[in-house]
Amino acid sequence: MTASETNKNELLSLKGIGPKTAGALERLGIYRVEDLLHYYPRDYELYGAPKPLYQLTPGQTEAVEGVLVREPVLNLYRGMRIVNAYLADMTGRLQLSWYNMPYIKGALKTGQRYVFRGRVYEKNGRLLMYQPKVMEAESYRKSCAGRLFPVYPLTKGVTGRLLQTAVAEALKGQSVREYLPEEILQRQALSGLSEAYQGIHFPKGKEELLRARKRLSFDELFLFLLEGGRRKRRQERQASAYRCRPDLRLIRFIAELPYSLTGAQQKALKEIMADMSSGRIMNRLVEGDVGSGKTVVGFLAMLYAGLNGFQSVLMAPTEVLAEQHYETVRSFLNRGELPLSAVLLKGSMTAAEKRAALERIRNHEADMIVGTHALFQQQVDYDRLGLVVTDEQHRFGVAQRYALTEKGGAPHVLLMSATPIPRTLAGILYEDLALSVIDALPEGRREIKNCVVGPSYRKTAWKFILEELRKGHQAYVICPMIEKPEAGEGQELPETTLFGTEGLENVTEYAERLRGMYPPEIRIGVLHGKMKAQEKDQVMTAFQEGSLQLLVSTTVVEVGVDVPNATVMMIENADRFGLAQLHQLRGRVGRGKAQSYCIMINTSDSERAAERLEILNHSNDGFYIANEDLRLRGPGDVFGLRQSGELRFRIADIYQDAELLQAAREESGRILSEDPELQEHRALLERLRHAFPEEYRGA
Ligand code: ADP
Ligand code: MG
């Protein structure tokens with residue numbers, strides 16, 4: 001039996017999960033029971049106490065209690081069957097309507113007390129609810145009122161209810177084994193593991209949720225640091241088989257670049273070359289703001305390896321970026337007369353193309369290999385792989401960061417990150433890495449002009465964008481959502497939630513709106529994370545070539561894409577993004593010669609949101625922004641829309657959990673200094689094996 005079959009059987013052993021459901025769960029990255037427990041809700045729906053009619057507020061999702069005044073009626077309207085019922089008390093009247101749910105008519109009894117929950121609308125002075133959820137008043141009070149109901153990211157074939165049932169089964173069936181030593185639980189005031197799973201999936205209240213979140217965030221950070229610490233110790237004892245020696249051809253090549261390297265680039269390159277020449281294995285992170293010229297430094301390191309007879313790999317998080325890099329590498333190689341050659345390896349190549357590429361790698365015809373992480377999912381035989389460069393490493397998951405460095409015979413490792421994070425945090429998160437900081441931009445860049453405005457400015461912004469497009473430039477509009485939340489399970493999707501998706505713009509409708517408004521010659525593309533890799537590539541390529549002028553996108557576009565002709569970045573619901581993420585998004589413009597602009601639409605009326613956005617408004621410096629972000633955010637903010645999380649932790653957020661990170665660092669350090677091989681901590685060791693499997697399985 002293969003490993004994946006064993007895993008599937010584990011899920012199949014849960015009551016209610018058949019092969020089809022197991023297949024659907026796989027699409028959510030759930031392969032094992034453990035993955036299921038770690039599949040955390042993205043939000044929680046808040047069920048309030050039922051209100052009397054006069055307290056209902058249009059636009060809000062509310063629970064209302066009352067007695068039906070007369071028999072519900074079934075009407076036919078444009079082919080739809082609609083059930084209408086009326087609720088009334090001394091203070092007012094409410095119409096309830098259900099579409100294509102005729103059975104509801106039979107289920108409702110006149111004279112009975114019910115609670116109806118749904119979004120309240122006002123039409124011609126009358127209050128309405130569409131598709132409200134119905135419960136008997138008594139049972140609503142008992143089992144719903146005051147509770148939080150999790151909202152999970154879903155896919156076809158997987159409902160929230162199914163996930164909840166499966167998680168409940170998993171928690172019931174096998175006892176969750178605690179792996180943290182008792183003294184850590186005590187010292188850090190953490191709840192037990194099974195209690196934490198219970199609390200994150202079935203919180204009885206906000207307190208319990210917060211406790212659960214704290215424990216699970218701690219674990220995530222702690223395990224990450226523990227694994228990093230172990231690797232660091234192991235590698236410090238290891239000599240490198242890929243010791244490089246200075247080569248004049250590289251120096252000449254650098255001198256012949258069309259620009260001269262900035263001081264910061266030179267310093268980083270020097271540090272890298274010193275590492276690669278030292279006889280030890282390099283483990284270095286290059287951190288630099290967007291556009292600071294990291295990629296060039298990575299290329300030069302690859303040339304250095306190549307000139308020393310070693311292969312090198314450059315890994316990018318998307319195919320678009322991989323292709324972009326491959327072209328750059330090729331133009332590099334064409335310029336200088338270096339005896340090196342490059343090859344591109346990506347998931348969407350034909351079998352024949354792939355075979356040819358793999359062959360060239362195997363017999364060392366190719367010195368520099370550029371690709372997506374598909375590179376490491378398949379069997380690639382390298383010949384003296386001396387260096388692995390990961391671009392935009394913050395886009396890879398935490399487990400991947402380690403898995404990617406395990407391949408080949410302990411090559412040098414160079415990571416590049418465009419997320420400037422404050423030094424205090426970097427010192428912990430990257431403890432196992434040496435750090436080079438590129439803290440200056442190449443000369444001659446024009447500062448991006450920023451503005452933070454309210455929704456009433458939208459029309460002006462759209463007009464401004466149109467003017468820029470007519471000048472031959474391109475633009476981005478970013479929305480936080482992919483589409484309008486769909487009604488699921490016969491109900492309207494909850495909109496009053498703890499962290500809320502209410503009032504958020506979505507790319508699907510936004511693009512339609514702009515298409516209707518702009519002249520037809522303006523071509524508008526849509527990009528989001530649910531599209532197939534190939535569709536995404538097509539859209540990105542069209543945008544890069546200029547056949548699309550405007551791209552309406554979610555934050556997927558954040559990854560290092562380089563379209564110098566784009567001059568406007570408009571960000572909807574900017575108040576809902578983390579500052580670091582906004583800064584990354586803004587970095588998509590300001591890459592060419594023309595003046596660029598960033599328009600942030602602030603849809604919140606909170607003073608704090610304004611204060612946060614003001615930081616971006618008056619600064620384009622990523623490190624400054626990161627520091628302010630840390631200063632302004634505290635443990636008080638619990639969730640938000642998913643932050644662009646450095647290293648993509650599942651639940652922890654290094655800014656919000658900065659204190660927890662510190663605590664996790666102390667605990668992991670303590671354990672490793674007493675028991676470096678974790679001989680005395682078997683359960684922990686077992687947990688680490690699961691959390692950081694050798695075999696990498698995709699994002
Ligand atoms: P990053 O990866 O840090 O976001 P890139 O390496 O993509 O930045 O560089 C951004 C742009 O700046 C590229 O078009 C690159 O050719 C150019 N560039 C890099 N270094 C310099 C330099 N020293 N002087 C001028 N332009 C540079
Ligand atoms: Mg880059």
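Worth knowing before you read on, the calculation uses all heavy atoms, side chains too, and leaves out hydrogens, waters and symmetry mates. Throughout, residue positions are numbered sequentially from 1 according to the sequence presented. One-based numbering, in listed order, for ligands and for the atoms of each.
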Identify the closest protein heavy atom to atom 2 (O) of ligand 1: which residue and atom is it, and at what distance?
Thr295 OG1, 2.7 Å
How close does the nearest protein non-hydrogen atom get to atom 9 (O) of ligand 1, and which residue and atom is it?
Gly293 CA, 3.7 Å
Tyr476: which of Tyr597, Phe543, Tyr510 passes ring pair (Phe, Tyr, Trp, His ring centres under 6.0 Å)
Phe543
Suppose we measure from atom 17 (C) of ligand 1 to each protein heavy atom; which comes out shortest, and what is that distance?
Arg445 NH2, 3.9 Å
Return the residue, atom name and 0.1 Å-rounded distance of the protein heavy atom closest to atom 4 (O) of ligand 1.
Gly291 N, 2.7 Å
Please determine, by modelled atom types, if Tyr304 and Ser277 share a side-chain donor-acceptor pair under 3.5 angstrom.
yes
Does the plane of the ring in Phe299 sit parallel, tilted or perpendicular to the ring in His325? Use 30° and 60° as the thresholds.
perpendicular
the protein heavy atom lying closest to atom 3 (O) of ligand 1 turns out to be Lys294 NZ, 2.7 Å
Protein contact of atom 14 (O) of ligand 1 - nearest heavy atom, named by residue and atom, plus distance:
Asp562 OD2, 4.0 Å
Starting from atom 15 (C) of ligand 1, what is the nearest protein heavy atom, named by residue and atom, and what distance separates them?
Tyr259 OH, 4.2 Å
Classify the ring geometry of His618 against Tyr624: parallel below 30°, tilted from 30° to 60°, perpendicular beyond 60°.
tilted
Taking distance alone, with no angle check, do Pro442 and ligand 1 share an N/O pair under 3.5 Å?
no
For ligand 1, note which part of Pro564 has a heavy atom under 4.0 Å away: side chain, backbone, both or neither.
neither
Side chain, backbone, both or neither: the part of Arg591 lying under 4.0 Å from ligand 1 by heavy atom
side chain
Determine, for Glu323 against Lys346, whether the closest basic-nitrogen to carboxylate-oxygen distance falls under 4.0 angstrom.
yes
Does the side chain of Thr350 come under 3.5 Å of the side chain of Glu353 through a donor N or O and an acceptor N or O?
yes
Contact check, Asp289 vs ligand 1, heavy-atom distance below 4.0 Å
yes
Would the number of heavy atoms belonging to other residues, nucleotides or ligands and lying under 6.0 Å from CD of Glu443 be above 12?
no
Identify, by atom number and element, the atoms of ligand 1 in contact range of Val296, meaning under 4.0 Å from any of its heavy atoms.
6 (O), 19 (C)
Taking only heavy atoms of Thr262 into account, list the atoms of ligand 1 that are under 4.0 Å away from them.
23 (N)
Heavy atom of Ser260, distance to ligand 1 below 4.0 Å:
yes
Side-chain heavy atoms of His412 within contact of Asp275, under 4.5 Å
no
How does Gln265 reach ligand 1, if at all, at less than 4.0 Å between non-hydrogen atoms: by side chain, backbone, both, or neither?
side chain
Residue portion contacting ligand 1 (non-hydrogen atoms closer than 4.0 Å) for Leu261:
backbone
Distance only, no hydrogens: is a donor on one side chain within 3.5 Å (strictly under) of an acceptor on the other, for Asp289 and Asn620?
no
Less than 3.5 Å apart, any donor N or O on the side chain of Gln538 or Thr541 sitting next to an acceptor on the other?
no
If the cut-off is 2.8 Å, does any N/O/S atom of Thr295 fall short of it from the Mg ion (ligand 2)?
yes
Output yes when a protein non-hydrogen atom is found under 4.0 Å of atom 21 (C) of ligand 1, and no otherwise.
yes
Do any heavy atoms of Gly288 fall under 4.0 Å from ligand 1?
no
Side chains of Glu468 and Gln474, donor plus acceptor under 3.5 Å:
no
Paired with Met368, the side-chain contact (heavy atoms from CB on, under 4.5 Å) test is passed by just one of Leu314, Leu303, Val343, namely Leu303
